[in-house]
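See below for the structure under consideration.
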Amino acid sequence: MIVYEHYKGGNQMRKQFKLSLILIFIFSMIPVSANALDGPVTASGIQDGGIGNSTNYLNEAPNISIDQKVNQIIYPLFSTPAIKEKGGTLTLKVDTQGKEAGAWIVKLKQNNHSSLTTDYDLPVLSVQQGQSYWRNSSTISDVTVKIPDNVPERLYDLEVSYTGNGQRITDKQPHSVKIIDQFKKDFTFLHLTDIHVGSPRNVGDPDNPTSTDPALARETGMWDPDPNKRWLYLQKAIKEVNLKNPDFVVLTGDLIFGQMNPQEYIYEYEEVYKVLQKLNVPVYIVPGNHDFYAQDATLADGAKYWEKYFGPQYFSFNYGPYAHFIGYNSFDWNKIDRSGHGTVSVPTWGGQVRAKQLAWIKSDLENNAKTAQSNQIRGLFSHHNPLWRDRDIWPQTDSEVQKYWQQYDQQHDPQSVDTLALGEKLGLKYDQQWHGENAQALIDLMKEYGVTLSLHGHTHVDNVTKQDGILYTTTTAIELTGKPWVGFRDFQTSDGQITSYNYEEPGHSIPVYENGDTKSGIMSYQADYQSANDGTASSQKITISNRLKKDLTVSIPIYLTEGSYKTTNGEQVVQNYSADGKQYLEVKVTVPANDSKVVSVEKN
């Protein structure tokens with residue numbers, strides 16, 4: 001969002017100038033090389049030719065370039081994973097990029113969280129000509145595979161290999177397939193938003209750009225050379241998400257900062273892609289305004305980075321027969337409207353959905369309605385909330401507001417330079433929420449097709465609004481500017497209804513830090529292992545500390561040497577199997593509010 005992104009009041013220009021100097025200084029401290037990302041980045045860059053369809057982004061520093069993540073596999077992806085039952089089928093979409101393909105091999109491989117190494121072959125049942133609404137290619141294959149019954153329930157990387165014009169080609173998508181025993185009628189999911197990797201606003205008071213706070217700087221870990229200390233606030237949130245072990249996670253944009261200089265997308269996109277792989281649950285991701293800026297004469301187009309790292313800007317998915325969700329891009333502006341100039345300044349940061357995407361959303365809802373069961377939960381999620389429209393929020397008594405909307409109505413796709421400049425001025429004065437088209441059209445579609453849930457971020461503040469049978473929830477930020485605290489929202493369902501979504505009233509999310517105290521650095525809950533959890537120990541003790549005001553149920557993953565084990569204080573062993581000479585157990589534990597519990601695991 002942007003509540004703290006532009007600074008208001010009489011000292012606004014002076015504060016912006018100070019912030020610009022600080023941002024430039026911070027950027028100057030970042031190593032301008034691929035090594036700043038803890039590893040080589042291999043793909044070469046192609047400079048954008050100006051306003052138009054840029055393909056890449058930079059050739060000023062040849063030692064920095066993007067490492068494209070979305071290549072041949074275009075579904076499922078890290079950002080649009082597939083959740084599938086054992087014994088079922090999965091249809092992949094693979095773009096062979098002009099090559100005649102054959103001899104397909106598809107595997108599930110252990111992800112970076114696992115101490116196991118076993119791969120699972122997915123037998124290919126059929127290969128047919130396919131197509132994609134977001135990837136323009138005439139050589140997309142729909143590859144349908146079988147999920148064997150012996151695949152353990154967990155999140156996997158997907159590997160696809162085939163022969164293309166005599167050459168063996170292999171592509172991989174991390175964390176893109178979750179295998180389950182069966183879909184749950186009563187399922188859980190979490191909503192996270194505004195994580196802002198690379199944001200300098202974390203290090204001090206956002207209303208005072210000259211301030212720094214050692215405690216906040218520690219939790220930020222701004223480009224700390226030690227990856228374990230970098231973006232510590234986000235890593236702590238991810239640890240808590242993994243312990244909650246929801247059926248899936250929804251992440252509604254502003255993954256990065258993207259507003260310091262035209263080069264930063266190169267290292268911020270790489271960094272956030274890496275950090276998010278610490279999640280051990282399926283995550284569905286849509287962009288926010290910070291992810292999509294086209295900075296400095298469009299030298300760096302965030303929309304193109306998104307496509308190469310995360311894939312589609314909008315999509316839908318089912319959680320079995322029990323839920324249908326649409327993730328959409330609410331920063332759907334012409335490239336000119338997204339173009340910034342210089343450090344910090346961007347003219348447009350509010351929401352919009354244009355006609356093409358709106359038509360896709362309508363078509364998706366229509367198709368879902370043909371097969372949906374009566375108690376299916378239907379939800380939409382995006383960065384901006386369509387309830388909050390600048391046309392309603394900006395005061396009509398302001399003559400410049402009247403002038404802006406007159407200009408906007410004359411030309412708005414793209415806006416004229418004069419209109420953009422005036423919109424930025426008014427945005428600094430009144431902020432930008434839903435700034436453009438089709439907010440009401442989206443709401444009308446939700447009402448028409450029985451959508452009952454709408455999830456959003458952008459404001460860095462918790463808010464819950466019920467209107468016309470639709471629950472609109474805006475969730476606070478993971479970035480340290482979140483109010484009333486840094487947090488995420490936990491959704492519980494029962495028999496087709498959302499039964500729980502607040503940690504406490506009025507509409508507050510779960511705090512990442514104890515009592516919402518960011519500076520303390522103390523997590524609201526955590527699990528501490530006595531021994532290394534890597535399959536080398538033959539016994540284990542785990543202390544689960546719950547500092548929340550409510551009881552907490554978590555899932556504890558445990559890797560031990562192969563054998564038969566008994567547990568103490570674990571209410572339910574939900575998984576227990578051997579592989580690669582190791583034993584994997586997953587134990588579910590409920591810990592009372594403001595209490596702790598020790599789970600012991602020993603050989604029989």
Side-chain angles (χ1 to χ4, degrees), residues 81-88 90 107-122 147-159 172-184 187-188 238-249 277-283 525-544 552-591 597-604:
I83 305 175
K84 292 294 179 179
E85 291 179 335
K86 298 177 183 180
L90 166 63
K107 293 178 180 289
L108 294 178
K109 303 182 74 70
Q110 302 291 337
N111 67 33
N112 57 334
H113 286 265
S114 180
S115 292
L116 307 176
T117 59
T118 300
D119 298 340
Y120 297 93
D121 293 322
L122 304 184
I147 309 294
D149 292 329
N150 67 331
V151 180
E153 189 175 47
R154 62 189 305 123
L155 183 66
Y156 292 94
D157 297 346
L158 175 68
E159 183 181 272
K172 188 175 179 179
Q173 269 294 313
H175 295 217
S176 58
V177 180
K178 174 68 182 286
I179 303 301
I180 59 175
D181 292 331
Q182 62 182 15
F183 290 104
K184 304 171 188 173
F187 61 92
T188 66
I238 288 173
K239 287 180 179 178
E240 293 176 351
V241 169
N242 287 341
L243 283 171
K244 288 284 289 183
N245 193 28
D247 293 295
F248 57 87
V249 167
Q277 285 181 53
K278 292 180 179 290
L279 283 165
N280 198 28
V281 292
V283 56
Y525 58 94
Q526 65 191 77
D528 296 302
Y529 292 78
Q530 184 182 64
S531 303
N533 190 32
D534 58 7
T536 59
S538 56
S539 64
Q540 185 67 273
K541 285 188 177 181
I542 308 103
T543 302
I544 303 101
L552 173 72
T553 299
V554 295
S555 293
I556 309 297
I558 307 169
Y559 294 92
L560 298 160
T561 58
E562 189 171 8
S564 176
Y565 289 87
K566 61 181 179 180
T567 64
T568 304
N569 274 347
E571 286 90 349
Q572 181 184 5
V573 179
V574 294
Q575 290 204 73
N576 185 359
Y577 63 88
S578 60
D580 308 319
K582 299 176 182 179
Q583 198 75 22
Y584 175 74
L585 293 88
E586 185 178 317
V587 181
K588 188 165 286 189
V589 185
T590 299
V591 184
K597 185 176 285 190
V598 177
V599 175
S600 299
V601 185
E602 296 179 346
K603 276 193 172 181
N604 285 324

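Model, not experiment: these values are computed from the prediction. Residue indices begin at 1 and follow the sequence shown.
Q583 and N576 share a donor-acceptor pair across their side chains, judged by distance under 3.5 Å alone. No side-chain donor from either of T561 and S538 sits under 3.5 Å from a side-chain acceptor of the other. No side-chain donor-acceptor contact under 3.5 Å links E240 and N242. A donor atom on one side chain and an acceptor atom on the other are found under 3.5 Å apart for H175 and N112.
L116 places a side-chain heavy atom less than 4.5 Å from the side chain of K582. For the pair Q526/K239, no side-chain contact is recorded, criterion being any heavy-atom separation below 4.5 Å from C-beta on. In this structure, L108 and L122 have side chains that are in contact, with non-hydrogen atoms separated by less than 4.5 Å. Within the 4.5 Å cutoff, the side chain of K178 has no heavy atoms near those of the Y156 side chain.
With sequence neighbours excluded, no residue satisfies side chain to side chain donor-acceptor pair (under 3.5 Å) with T568. Take K541 and apply the salt bridge (charged side-chain N to carboxylate O under 4.0 Å, His left out) test, not counting sequence neighbours, and it matches no residue. By the side-chain contact (heavy atoms from CB on, under 4.5 Å) test, K597 pairs with N569, E571, V589, V591, sequence neighbours left out. By the salt bridge (charged side-chain N to carboxylate O under 4.0 Å, His left out) test, K109 is found to be paired with D119, residues two or more places apart in sequence or in another chain being considered. Among residues two or more places apart in sequence or in another chain, the side-chain contact (heavy atoms from CB on, under 4.5 Å) test is passed with T567 by V573, L585, V587, V601. By the side chain to side chain donor-acceptor pair (under 3.5 Å) test, Y525 is found to be paired with no residue, residues two or more places apart in sequence or in another chain being considered. Residues that satisfy the side-chain contact (heavy atoms from CB on, under 4.5 Å) test with T117, not counting sequence neighbours, are D580. Scored by the salt bridge (charged side-chain N to carboxylate O under 4.0 Å, His left out) test, D121 finds K107 as partners (sequence neighbours excluded). Residues meeting the side-chain contact (heavy atoms from CB on, under 4.5 Å) test with N245, sequence neighbours left out: V281, S555, E586. Among residues two or more places apart in sequence or in another chain, the ring pair (Phe, Tyr, Trp, His ring centres under 6.0 Å) test is passed with Y584 by Y559, Y577. With sequence neighbours excluded, the residues that form a salt bridge (charged side-chain N to carboxylate O under 4.0 Å, His left out) with K244 are D490.
In this structure, CG in L155 is found 9.0 Å from CG in L279, a value given to the nearest 0.5 Å.
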L552 vs T590, side-chain contact (heavy atoms from CB on, under 4.5 Å): CA-CA, chis, key distance, verdict: CA-CA 5 Å; L552 173 72; T590 299; over 6 Å; no
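Nearest heavy-atom pair, S564 versus N604, reported as atom, atom and distance to 0.1 Å: OG-ND2, 2.5 Å. The two residues S531 and Q540 have their closest heavy-atom pair at N-OE1, 2.9 Å. Minimum heavy-atom separation, S176 to L158: OG-CB, 3.3 Å.
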Compile the donor-acceptor pairs under 3.5 Å between side chains in residues 81-88 and protein atoms, sequence neighbours left out, one pair per line.
residue	atom	partner	partner atom	Å
E85	OE2	F183	N	2.9
K86	NZ	V151	O	3.4
K86	NZ	D181	OD1	2.7

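For Q572, the CD atom is densely surrounded, since the number of other residues' heavy atoms within 6.0 Å is greater than 12. A 6.0 Å sphere centred on NZ of K603 holds more than 12 heavy atoms belonging to other residues, nucleotides or ligands.
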